[in-house]
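Read the structure below first, then the notes.
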Amino acid sequence: MTTPTKGSTNFAFIMITILFFMWGFVHNLDPILIPHLKRAFSLTTLQASLVDSAVFIAYFVVALPAGFLLKKKGYKAGIILGLMLFAIGSYLFIPSANLQSYTFFLVALFIIACGLTILETAANPYASLLGPPEKATQRLNLAQSFNGLAATLAPIIGARIILTEGLPEEKLALMAPQARELALAAEAATVKMPYFILGSVILVVAVIFFFMKLPEIKEEEKSTSGSSLTVFRHKHLNWAIAAQFFYVGAQVCVFSFFILYATHATGISEMKAAEYAGFGVGMAFMIGRFVGTFFMKFVKPPVLLAIYAILCMILSVLAMYITGLASIYIVIGIAFFMSIMFPTIFSLGIKELGEDTKLGSSFIIMSIVGGAILPLIFGHVSDLYSNIQLGYIVPSFCFFVVLIFAVHGHKVSTVKK
């Protein structure tokens, strides 16, 4: 592969790290949107979980085309296109609120996620390849740490500008249908300004990327025959795809349902729960990534991943039954220990893929569709037993799959063509 200069590499890494922060920020507004839209449109938990489905189904639909785009046009073109879609989807929140249409909101979220899919398909392997191969996992965890910073800030900021106290349910129930609809419409409209600002910031970043000289890293091309499915000859990639599917599903369940979980398990208000989401869960996620990056200097990434997966399994089981503030601290613990999972699975999955790196990256990003499917199961279990805590049976199984990958599936194994 071509090797860019150290100066250009450092600047490129900083700019890519900014992207990690930005998509982390918008993803972590979803836990604010779920209770907000659930109230505004009188949704069940299962219906509210369609917010996650709209976002993460995009990863399944767009990841593979994104991989082919990167192969043909390079990382920079993919990043700019991803940012443009990100901005367009953000602006669509304005007509969604004006029309009072939950479906339109879901469409806007899907378009945002299409942009994020392209960005993640480009930025994850780019950060991993932008330096010495032996430090790829550590480097990707460092970049992803700023995704963790976003997970801390987004709930805190989002709660204050999106969540509103609103009228009590008792008063809403006594209102005439038209008056009730207007009151809820006013609450739903609070999303317009923050998403307009977000879309505008994204456009500015897209312009910066358009004019900057981003070093292009190219994998050596080899003469190959057959279809793109030959990428599946890498057994460790197949395991990474499965592990990422279940990990992302677990992360979305933990993050997106936290406010609903905390209000049920402790009886605190949504605003207070949002503060715990930012200062507790988000902060633990961010610190966990920095700490994990440090530990990887002394502990091999697969070993650390296995230890963290076991701890997350135990804590998920406890989250099903413990109530009060202790339940919040348990989820904070889960956030800390699952923090390194995405970048570690990703970097181990694309290890030694060579010419298949971009396509392999696409399939791993494609597996993020787990975030669309598993929260539906979480929501269904919660509705079925009228207890959102029991939904944690889903993350506990997901972390078990991650454990298998850490112990066995990560080992580089390629079937010769």
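When a residue number appears, it is its place in the shown sequence, counting from 1.
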Quick one: salt bridge (charged side-chain N to carboxylate O under 4.0 Å, His left out) pairs with a partner in residues 272-296, sequence neighbours left out? R160-E275, K272-E275
Within a strict 4.5 Å, meaning less than it, do heavy atoms of the Q389 and Y261 side chains meet? yes
Just to verify, what does F246 make a ring pair (Phe, Tyr, Trp, His ring centres under 6.0 Å) with, not counting sequence neighbours? F397
Close side-chain approach of I94 and F196, heavy atoms under 4.5 Å: yes
In terms of heavy-atom contacts, K76 and F210 come closest through NZ-O, 3.1 Å
Audit row: V281, F336, side chain to side chain contact (heavy atoms under 4.5 Å, CB included) steps and yes/no: CA-CA 8 Å; V281 176; F336 179 89; over 6 Å; no
Check for me whether the distance between the ring centres of F405 and Y247 falls short of 6.0 Å. no
Are F56 and F60 an aromatic pair by the rule of ring centers under 6.0 Å? no
Measure the shortest side-chain to side-chain distance between F11 and M212 over non-hydrogen atoms and say whether it is less than 4.5 angstrom. yes
Hey, are the side chains of L50 and L376 touching, using non-hydrogen atoms and a 4.5 Å cut-off? yes
Which residues share a salt bridge (Lys or Arg N to Asp or Glu O under 4.0 Å) with K411, sequence neighbours left out: none
State whether the side chain of H410 and the backbone N or O of A406 hold a donor-acceptor pair below 3.5 Å, judged by distance alone. yes
According to side-chain hydrogen bond (donor to acceptor under 3.5 Å, both in side chains), does anything in residues 194-203 pair up with another residue at least two apart or in another chain? List the pairs. Y91-S200
Here the pair of heavy atoms bringing I364 nearest to A240 is CD1-CB, 4.2 Å
Which atom of P35 lies closest to which atom of L260, heavy atoms considered: CB-CD2, 4.3 Å
Just wondering, do S96 and K192 contact through their side chains at under 4.5 Å, heavy atoms? no
Return yes if some donor-acceptor pair links the side-chain N/O of T266 with the main-chain N/O of G324 below 3.5 Å, else return no. no
In terms of the angle between their ring planes, are W23 and F20 parallel, tilted or perpendicular, with boundaries placed at 30° and 60°? tilted
Would Y392 and F378 count as a close aromatic pair, with their ring centres under 6.0 Å? yes
Between side-chain atoms of residues 102-114 and protein atoms elsewhere (two or more places apart, or another chain), which donor-acceptor pairs fall under 3.5 Å?
from	atom 1	to	atom 2	distance (Å)
Y102	OH	Q47	O	2.8

Side chains of I368 and E120, heavy atoms from C-beta outward: is any pair under 4.5 Å? yes
Taking the side chain as C-beta and beyond, is there a heavy-atom pair between I350 and H234 under 4.5 Å? no
Identify all side-chain donor-acceptor contacts of residues 299-308 below 3.5 Å with residues at least two apart in sequence or on another chain.
none

Do V369 and I57 have side chains that approach each other closer than 4.5 Å (heavy atoms only, starting at C-beta)? yes
Passes side chain to side chain contact (heavy atoms under 4.5 Å, CB included), L19 versus F209? Steps please. CA-CA 11 Å; L19 297 182; F209 267 97; 3.8 Å; yes
For I340 and G288, the nearest pair of non-hydrogen atoms, with its separation, is CG2-O, 3.8 Å
Applying side chain to side chain contact (heavy atoms under 4.5 Å, CB included) to F245 and M366, what does each step give before you reach the verdict? CA-CA 8 Å; F245 175 92; M366 207 170 171; over 6 Å; no
Note: S386 and H264 closest approach over all heavy atoms is O-CE1, 4.2 Å
Would you check, one step at a time, whether the test side chain to side chain contact (heavy atoms under 4.5 Å, CB included) holds for L149 with F146? CA-CA 5 Å; L149 176 61; F146 290 88; 4.2 Å; yes
Other residues, nucleotides and ligands only: do more than 12 of their heavy atoms fall within 6.0 Å of CE on M193? no
Does any donor atom in the side chain of S256 or D52 lie under 3.5 Å from an acceptor atom in the other side chain? yes
Taking all heavy atoms of V402 and all of A243, pick out the closest pair and write down the distance. CG2-O, 4.0 Å
With a 6.0 Å cut-off on the ring centroids, do F363 and F232 count as close? yes
